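The structure appears right after this line, and notes come after that.
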Amino acid sequence: MPARGFYVTTPIYYISGTPHIGHAYSSVAVDIIARTARAHGPARSLTGTDEHGQKVAQAAEAAGATPQAYVDALAPRWRELQIAYDTRFDDFIRTTEPRHARASLALFERMRANGDVYESVYEGWYCTNDETFWPESKLIDGRCPNPECRRPVEWLSERNWFFRLSAYRDRLLELFRTDPDFLRPQSRYNEMMAVLEGGLDDLSISRSSFDWGIPLPGGGVLYVWFDALINYISALGWPDDPDGRFATFWPGVHVIGKEIARFHTLIWPAMLWSAGLEPPARVFAHGWILAEGEKMSKSLGNVIEPFALAERFGADAVRYFLFREAPFGTDFSISREKLRQRLNSDLGNDLGNLLRRSLAMLDRYRDGLVPEPTAGSIAEGVSDLPARVRDHVLAMRLREGLDEIWNLVTTLNRSIDERKPWELAKAGRGDELDAVLYDLCEGLRWLSILLFPYMPSKATEMWRQLGLSGTPEVRWPDELTWGRLAAGTQTDPGLPLFPRLEPEPDETEA
RNA sequence: GGCUCGGUAGCUCAGCGGUAGAGCGGGGGACUCAUAAGCCCUAGGUCGUAGGUUCAAAUCCUACCCGAGUCACCA
């Protein structure tokens with residue numbers, strides 16, 4: 001861990017959309033990374049909503065509300081998603097907040113002062129739905145070429161501000177070449193390199209045909225994407241930085257969906273450079289969650305509803321599934337059946353049952369009191385586990401982090417079968433029995449701490465059953481030392497951590 | 001169509017120049033502390049196809065087939 005602060009963000013979510021499992025996925029990923037980082041030093045996480053743009057203005061009008069009233073009514077839904085998935089952010093930014101407008105205008109002015117912003121007339125065919133200008137050649141029968149849109153386009157002639165993005169191509173190429181980890185995974189990196197090698201066009205960064213956006217001096221508003229990106233630094237208090245947050249936490253790490261890699265790795269760094277600031281430290285573009293191998297869509301009727309999912313399986317089980325099922329970064333499929341199987345097998349059988357059988361034996365043989373270990377232990381094999389988990393998580397190898405943690409789960413289960421506490425008890429070999437029982441409790445304490453970022457609620461319940469005070473949200477370097485668990489601790493077994501789930505009636509069994 | 005990524009045991013994936021691996025599922029076994037959980041044993045898969053380079057190729061090169069993505073401002 002570097003001494004400076006660790007800063008990690010989700011994309012800001014377009015407020016008029018419907019929260020779905022992909023949003024939860026981004027948020028949980030950032031939450032896991034941030035909780036792990038906090039266990040080692042100063043860390044901040046950020047999420048929020050993107051509230052400007054013509055689409056929002058039109059939706060508001062259709063709903064008979066002012067844009068501001070409209071977005072105010074929608075914002076709580078996005079906070080609810082955070083609650084449903086137990087994600088905890090240090091800040092939640094809305095692009096309609098004054099602090100964001102201030103930062104956006106300041107950035108715009110700095111870019112202009114540096115000569116990277118110029119005024120020009122933009123004429124062309126414009127699709128309101130996509131908020132995009134299309135070249136004549138792309139139109140299909142005079143309509144928007146986006147297959148999911150296909151609405152009629154209109155001829156617009158606007159005097160707008162443009163950003164000299166083309167001037168930053170060489171610098172971007174250098175960034176990509178000198179830091180191959182700047183954008184991951186590799187496939188996204190390759191794609192952006194291809195775009196760079198093809199050259200960049202200047203970018204229109206204001207709109208004058210509608211007014212729902214951050215107003216510019218002299219008329220017009222900032223283009224929604226331009227202001228959206230700035231959220232990452234406006235939330236840190238830039239440019240005034242009264243609390244020193246920007247100085248401490250920027251540059252940060254952005255977790256995004258793969259479809260917006262271009263904005264985050266080409267446009268955003270160039271904007272920052274133009275204003276004399278550092279580009280983000282790293283961008284991780286994750287894949288999509290598919291339903292049975294297909295993209296979720298309303299027309300296919302296969303949309304997985306995030307609130308119902310968390311309700312049925314529990315936030316922690318879904319969180320676990322999302323990051324155990326596939327390497328972070330790739331597309332993968334989700335289904336209720338797969339989720340149930342993971343829950344029963346990994347969480348119920350391996351982990352939940354380990355806690356239960358361990359505490360049951362402690363109860364039976366030692367009245368639930370953690371014994372004094374006087375014989376050998378399994379400590380040698382696990383000493384470097386926390387560092388391995390930390391390295392994986394902070395490098396966004398979230399699946400590998402869980403794999404490592406599960407090695408300890410397996411080690412503890414195996415150790416029970418090998419050392420056979422029931423035989424030790426019958427034979428009156430008290431020291432050896434104490435050693436086994438201590439190892440189990442201490443191992444479970446470790447698991448509680450290591451799993452806290454992934455499954456905060458269940459990890460806390462483990463902690464409670466182990467009879468520990470406080471929560472498993474502790475500094476890893478201090479607490480993950482074998483033997484810190486105090487002898488004499490009174491444990492408090494409870495209900496099964498992950499009760500077995502029976503198949504749903506409509507579920508097809510494999 | 002250009003470009004990118006992938007095609008390895010039933011499923012999900014790791015390996016990426018040196019005698020084919022893991023988890024899950026399936027099959028078998030010994031136990032009993034436990035959520036009929038856990039533990040041990042068990043997969044003989046022409047590593048998409050066809051060529052090539054090499055003493056040696058899932059592992060490098062070429063062509064092709066299949067799937068996905070991107071080029072088109074939805075996590």
Side-chain angles (χ1 to χ4, degrees), chain A residues 10-14 17-29 53 55 81 127 130-135 138 144-149 185-195 197-198 203 223-226 228 255-263 267 285-290 293 295-297 306 324-327 330-333 338 341-342 344-365 399-400 403 406 409-410 412-425 436-437 440 493 495-501 510:
Chain A
T10 75
I12 48 176
Y13 306 122
Y14 203 64
T18 306
H20 63 102
I21 189 69
H23 299 110
Y25 185 51
S26 295
S27 292
V28 173
K55 254 192 291 189
L81 186 70
C127 172
D130 289 3
E131 302 191 30
T132 304
F133 280 100
W134 297 101
K138 291 264 186 180
C144 175
N146 178 351
E148 289 173 22
C149 177
Q186 187 69 240
S187 51
R188 306 274 84 87
Y189 175 94
N190 293 341
E191 266 170 33
M192 288 308 116
M193 277 299 274
V195 171
E197 278 156 6
L203 188 72
Y223 169 45
V224 59
W225 251 112
F226 184 84
V255 172
I256 60 170
K258 62 185 183 180
E259 72 288 348
I260 53 176
R262 184 184 197 118
F263 295 92
I267 299 171
H286 68 237
W288 281 341
I289 301 170
L290 309 172
K295 192 169 172 177
M296 289 181 212
S297 73
R324 185 65 189 270
E325 181 70 6
T330 64
D331 293 356
F332 66 101
S333 288
K338 287 169 112 171
Q341 284 175 352
R342 280 269 176 208
N344 285 343
S345 157
D346 297 4
L347 298 177
N349 296 350
D350 293 350
L351 178 63
N353 186 49
L354 170 65
L355 175 70
R356 196 168 174 77
R357 66 198 296 217
S358 299
L359 293 186
M361 285 189 284
L362 189 66
D363 241 14
R364 177 181 298 202
Y365 304 130
R399 201 254 287 264
E400 287 80 352
D403 286 342
W406 241 253
V409 174
T410 300
L412 293 174
N413 271 321
R414 185 183 298 130
S415 125
I416 296 176
D417 286 273
E418 284 174 355
R419 301 204 263 178
K420 301 181 174 53
W422 48 93
E423 286 186 5
L424 297 176
V436 181
L437 296 174
L440 292 173
L495 295 171
L497 204 57
F498 293 98
R500 201 172 179 76
L501 265 187

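Values in this document were obtained by computation on a predicted structure and should not be read as measured data. Chain naming here is simple, since letters A, B, ... match the order of the sequence lines and numbering starts at 1 in each.
- Counting heavy atoms from C-beta on, the side chains of A:L440 and A:L412 come closer than 4.5 Å.
- Rounded to whole Å, the separation between the P atoms of B:A20 and B:A58 comes to 8 Å.
- Look at CG on A:L495: it is 17 Å from C1' on B:A37, rounded to the nearest Å.
- Across all strands, A:G257 comes closer than 4.0 Å only to sugar-phosphate atoms, never to a base (heavy-atom distances).
- Rounded to whole Å, the P atom of B:C74 lies 15 Å from the corresponding atom of B:G69.
- Among B:A75, B:C13, B:U35, the nucleotide with an atom closest to any side-chain atom of A:R399 is B:C13.
- For the pair A:L355 and A:F498, the minimum side-chain heavy-atom distance is 4.5 Å or more.
- Nearest-nucleotide positions on RNA chain B for A:E259 and A:F498 put A:F498 closer to the 5' end.
- Counting only distance, with no hydrogens or angles, the side chain of A:N344 and the backbone of A:L501 share a donor-acceptor pair below 3.5 Å.
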Dot-bracket for RNA chain B, please. Rules: Watson-Crick or G-U, both distances under 3.5 Å, ( ) within the strand, [ ] when a pair crosses earlier ones, | for another strand, . otherwise. ((((((((.[[[[.)..(..]]]].((((.........)))).....[[[[[..)....]]]]])))))))....

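- Atom name P, nucleotides B:U59 and B:G67: the rounded distance is 22 Å, in whole Å.
- One C1' atom belongs to B:G27, the other to B:G44, and the distance between them is 15 Å to the nearest Å.
- A heavy-atom distance below 4.5 Å is not found between the side chains of A:W422 and A:R364.
- Using a 4.5 Å heavy-atom threshold, the side chains of A:N413 and A:V409 count as touching.
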How does each nucleotide of nucleotides 23-33 of chain B score, in 5' to 3' order, for protein heavy atoms under 4.0 Å: base (B), sugar-phosphate only (S), or none (-)? -S-------SB

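- Among the nucleotides B:A75, B:C39, B:U35, the one closest to any side-chain atom of A:N353 is B:U35.
- Among the heavy atoms of the strands lying under 4.0 Å from A:I260 are primed sugar atoms or P, OP1, OP2 only; no base atom is included.
- Contact of the A:I267 side chain with the A:F226 side chain is not registered, since no non-hydrogen atoms from C-beta on lie closer than 4.5 Å.
- Between A:V436 and A:M361, the closest side-chain pair of non-hydrogen atoms is not below 4.5 Å.
- Taking atom P in both B:C64 and B:U70, the straight-line distance is 24 Å, to the nearest Å.
- Looking only at side-chain heavy atoms (C-beta outward), A:D346 and A:Q341 stay at 4.5 Å or farther from each other.
- For A:L355 and B:U35, the CG to C1' distance is 11 Å, given to the nearest whole Å.
- The aromatic rings of A:H23 and A:Y13 sit perpendicular to each other, their planes meeting at more than 60°, with 30° as the lower class boundary.
- Remark: the backbone N or O of A:I256 is paired with a side-chain donor or acceptor of A:H286 at under 3.5 angstrom.
- Looking at which nucleotide of RNA chain B each of A:L347 and A:V409 is closest to, the 5′-most match is held by A:L347.
- Nucleotide B:C74 holds its P atom 12 Å from the CZ atom of A:R262, rounded to whole Å.
- No contact: A:P421 has no heavy atom under 4.0 Å from any strand.
- A straight line from CG of A:L290 to C1' of B:C74 spans 15 Å, rounded to a whole angstrom.
- Nucleotide B:G38 holds its C1' atom 13 Å from the CZ atom of A:R500, rounded to whole Å.
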Collect all protein-nucleotide pairs involving nucleotides 5-9 of chain B in which both atoms are nitrogen or oxygen and the distance is under 3.5 Å.
| unit_1 | atom_1 | unit_2 | atom_2 | d |
| --- | --- | --- | --- | --- |
| B:C5 | OP1 | A:N190 | ND2 | 3.3 |

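- Across B:U35, B:C40, B:G69, the shortest atom-to-atom separation from the side chain of A:E191 is found for B:G69.
- B:C61 and B:C3 are spaced 16 Å apart, taking the P atom of each and rounding to whole Å.
- Although no hydrogens or angles enter the test, the distance criterion places no donor-acceptor pair under 3.5 Å between the side chain of A:D331 and the main chain of A:L290.
- Among the atoms of the strands shown, none is found under 4.0 Å from any heavy atom of A:E418.
- Within the 4.0 angstrom heavy-atom criterion, no nucleotide atom of any strand lies near A:Y25.
- With rounding to whole Å, A:I256 atom CD1 is found 12 Å from B:C74 atom P.
- For the C1' atoms, the distance linking B:A30 with B:G38 amounts to 13 Å, nearest Å.
- Shown here, B:A58 is classed syn by the O4'-C1'-N9-C4 or O4'-C1'-N1-C2 angle, which is within 90° of 0.
- A:Y14 places its OH atom 11 Å from the P atom of B:A75, with the value rounded to the nearest Å.
- As rounded to the nearest Å, B:A9 and B:G18 have C1' atoms that lie 22 Å from one another.
- The CH2 atom of A:W288 sits 7 Å away from the P atom of B:G69 (whole-angstrom rounding).
- Every residue meeting the side-chain contact (heavy atoms from CB on, under 4.5 Å) condition with A:N190, not counting sequence neighbours, appears here in chain and number order: A:Q186.
- Under the side-chain contact (heavy atoms from CB on, under 4.5 Å) criterion, A:E191 pairs with A:R188, not counting sequence neighbours.
- In this structure, A:G352 reaches the bases: a heavy-atom distance under 4.0 Å links it to at least one base atom across the strands shown.
- Residues satisfying the salt bridge (charged side-chain N to carboxylate O under 4.0 Å, His left out) test with A:D417, not counting sequence neighbours, are A:R357.
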